[in-house]
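This one's a predicted model, so the numbers in the text were calculated from it and none came from an experiment. Numbering of residues begins at 1 and proceeds along the displayed sequence.
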Amino acid sequence: MTIVIAGFPGVGKTCLFELKESHGINILDSDSSKFSWSEPGVRNPDFPNNYIQHIKENMGKVDIILVSTHEVVLDALYENGVDTIVVHPHPSLRDEYIERYKKRGNDEQFIEFIGTN
């Protein structure tokens, strides 16, 4: 059985992924940006269908698949019957998450986007 986890930026997906070898867990970190862009600045017209197909193809092959929390992705997962655990911070933690993004080196455009949304 594969667990699909949609994690908001900064909730610990990378930390979980890094524990895979020491704990014998097979984890696939599926970054949606590899599927959503055809080339820099050009959206892939097959997104999110190509991303959902990738996720479905890996179901049963790994223990955990880490995926995006983009609304279009969550909607497509639901429409395709893919049970998903969604992990996101409480809104009261906004400032803490902004600091996390700064410490991990995210660019100002990303930080501003997350901070205002």
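The side-chain heavy atoms of Ser68 and Ser33, taken from C-beta on, include no pair separated by under 4.5 Å.
When all heavy atoms are compared, the tightest approach of Ala76 to Ile52 is CB-CG1, 3.5 Å. In this structure, Thr69 and Gly7 approach most closely via the heavy-atom pair CG2-C, 3.3 Å. Nearest heavy-atom pair across Phe110 and Pro9 is CZ-CB, 3.8 Å. Between Ile65 and Ile55, the shortest heavy-atom distance links the atoms CD1-O, 3.6 Å. Across Val4 and Met59, no two heavy atoms sit closer than the pair CG2-SD, 3.6 Å.
With rounding to the nearest 0.5 angstrom, the NE2 atom of His70 is 12.0 Å from the CG atom of Leu77. With rounding to the nearest 0.5 angstrom, the CG atom of Leu16 is 10.0 Å from the NE2 atom of His23. Rounded to the nearest 0.5 angstrom, Ile111 CD1 and Thr116 OG1 are separated by 12.0 Å. Considering CD1 of Ile114 and CD of Gln109, their distance stands at 11.0 Å, rounded to 0.5 Å. Atoms CD1 and NZ, on Ile98 and Lys103 in that order, are 13.0 Å from each other to the nearest 0.5 Å. Atom CG in Asp29 sits 10.0 Å away from atom CD in Glu18 (nearest 0.5 Å).
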I'd like to know whether Ile64 forms a side chain to side chain contact (heavy atoms under 4.5 Å, CB included) with Ile5, so could you lay out the CA-CA distance, the side-chain angles of the two residues, the decisive distance to 0.1 Å, and finally the verdict. CA-CA 7 Å; Ile64 299 171; Ile5 301 174; 3.9 Å; yes
Fill in: Verdict with reasoning, Ile27 to Val62, per side chain to side chain contact (heavy atoms under 4.5 Å, CB included)
CA-CA 6 Å; Ile27 301 173; Val62 296; over 6 Å; no
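The number of heavy atoms from other shown groups lying within 6.0 Å of OH (Tyr78) does not exceed 12.
Each of Ile3 and Val67 belongs to its own hydrophobic cluster when Ile, Leu, Val, Met, Phe, Trp and Tyr are linked at side-chain heavy-atom distances under 4.5 angstrom. One hydrophobic cluster, built from ILVMFWY side chains closer than 4.5 Å, cannot hold both Val72 and Phe113; they sit in different ones.
Considering only residues two or more places apart in sequence or on other chains, Phe35 meets the ring pair (Phe, Tyr, Trp, His ring centres under 6.0 Å) condition with Tyr51, His54. The ring pair (Phe, Tyr, Trp, His ring centres under 6.0 Å) search around Phe8 returns none, not counting sequence neighbours. Under the salt bridge (Lys or Arg N to Asp or Glu O under 4.0 Å) criterion, Glu112 pairs with no residue at all, not counting sequence neighbours.
Listed by first then second residue, pairs satisfying salt bridge (charged side-chain N to carboxylate O under 4.0 Å, His left out) with a partner in residues 80-97 read Glu96-Arg100, not counting sequence neighbours. Sorted by first and then second residue, the salt bridge (charged side-chain N to carboxylate O under 4.0 Å, His left out) pairs with a member in residues 42-66 form an empty list; sequence neighbours excluded.
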With a 3.5 Å cut-off and sequence neighbours excluded, list the donor-acceptor pairs that the side chains of residues 85-93 form with protein atoms.
| unit_1 | atom_1 | unit_2 | atom_2 | d |
| --- | --- | --- | --- | --- |
| His90 | ND1 | Ser92 | N | 3.0 |
| His90 | ND1 | Ser92 | OG | 2.9 |

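Looking at Thr84, its side chain does come within 3.5 Å of a backbone N or O of Val82 through a donor-acceptor pair.
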